[in-house]
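In what follows, a structure is listed as structure tokens, so that the remarks can point back to it.
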Amino acid sequence: MPDPYDLLLGERDDVTQDDIDFFAADPGRLELIKAREGGRDKRLIALLVCAVGLIVLSKIIVARYPDEIEQLISDVFVDLFFELGAALIGAAVTVLLINRSSVRQTQKNLELRREIERRISEKQVSNN
């Protein structure tokens, strides 16, 4: 039986009858689905690829020009593309690391919630 909390983490998208029963037992759990996010890593990796492309483009532009003005324009574009690519790489890596940390924290929070729910149900069973 798949874990219903996997839906909240974005690890799966298929909804089973067990999931329906789980969320029907406490409709408040559905509020947790609002915070569910998925696909962020794919977009960030695409951004990283674009950033690397900008850096490669900056190196391709480097060429010798007989005219000093053309050389100056070339140098400006080379520096611009290189710096833009380097900044994008730094930003994307930072966001990827923050996302990983956020997912780990969400998993810990869900595990804590499971433990609390388990203890509540055990207490209710023992009181009956």
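Residue indices begin at 1 and follow the sequence shown. Side chains are part of it too, since the values below use all heavy atoms of this structure and drop only hydrogens, waters and symmetry mates.
Hydrophobic clustering (ILVMFWY, side-chain heavy atoms < 4.5 Å, transitive): Val52 and Leu48 are in one cluster. Cluster membership for Ile73 and Val78, using ILVMFWY side-chain heavy atoms within less than 4.5 angstrom, is shared.
For the atom pair CZ of Phe77 and CG of Leu57, the computed distance is 10.0 Å after rounding to the nearest 0.5 Å. We find the CG-CZ distance between Asn99 and Arg104 to be 11.0 Å, quoted to the nearest 0.5 Å. For the atom pair SG (Cys50) and CG (Leu84), the distance works out to 10.5 Å, reported to the nearest 0.5 Å.
Shortest non-hydrogen contact noted between Leu47 and Ala92 is CD2-CB, 4.0 Å. Scanning both residues, Ala51 and Gly85, for their nearest heavy atoms gives CB-O, 3.4 Å.
Checking side-chain atoms of Ser102 against main-chain N and O of Ile98 turns up no donor-acceptor pair under 3.5 Å.
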Inset, instruction - In sequence, state the C-alpha distance, the side-chain angles, and the governing distance for Ile55 and Ile89, and then conclude on side-chain contact (heavy atoms from CB on, under 4.5 Å). - result: CA-CA 10 Å; Ile55 290 175; Ile89 288 173; 3.7 Å; yes
